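For reference, positions follow the sequence shown, starting with 1. None of the values given here were measured: they were computed from a predicted structure.
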Amino acid sequence: MKKSTTVAILSAVLFATPALAEHHEGGPKGPGGHHGRMMEKIDTDKDGKISKAEHLAHADQKFTEMDANKDGFVTKEEGKAHWEAKKAQWAVKKADKAAE
């Protein structure tokens, strides 16, 4: 069960990156929106493309963030806790932006 949960979560992270790259130009948020910023973040050598190595490094970083107890596995609980923490961060950013 743990292995299938880990694979499912890692797959979601891995498959999200190409979708971000696809929406970089003229996507729902436009070139300067969330997708553009994610593309820039993942494209560490700033060549305008995401290499397999950059993609895997980003996925590894996300997996490490989610693996709260650092046992090499991401449980359903760790995944949910990570998602809830991200939602809280986004809410703070949204509130800060609205206050400006």
> Going by the salt bridge (charged side-chain N to carboxylate O under 4.0 Å, His left out) test, which pairs reach into residues 43-58, not counting sequence neighbours?
Replying inline: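 Found none.
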> Is there a salt bridge (charged side-chain N to carboxylate O under 4.0 Å, His left out) between E65 and K62 once you walk through the steps?
Replying inline: CA-CA 5 Å; E65 287 175 15; K62 291 297 171 191; 3.5 Å; yes
>> Pair H82, E78 - check side chain to side chain contact (heavy atoms under 4.5 Å, CB included), show working.
In response: CA-CA 6 Å; H82 178 77; E78 286 172 319; over 6 Å; no
Under 3.5 Å, which donor-acceptor pairs link side chains of residues 85-100 to any protein atom two or more places apart or in another chain?
{"residue": "K87", "atom": "NZ", "partner": "E84", "partner atom": "OE2", "Å": "3.4"}

>> Applying side chain to side chain contact (heavy atoms under 4.5 Å, CB included) to T75 and K80, what does each step give before you reach the verdict?
In response: CA-CA 9 Å; T75 64; K80 184 176 180 180; over 6 Å; no
>> Can you list everything that forms a salt bridge (charged side-chain N to carboxylate O under 4.0 Å, His left out) with E77? Sequence neighbours excluded, please.
In response: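 Applying salt bridge (charged side-chain N to carboxylate O under 4.0 Å, His left out) to E77 gives none.
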> D67 and V74: which non-hydrogen atoms are nearest, and at how many Å?
Replying inline: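 Scanning both residues completely, I find the closest heavy atoms to be N-CG2, 4.0 Å.
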> Which distance, rounded to the nearest 0.5 Å, do you find between the NZ of K41 and the CE of M39?
Replying inline: 14.5 Å
>> I need the I50 CD1 to T44 OG1 distance, nearest 0.5 Å.
In response: 9.5 Å
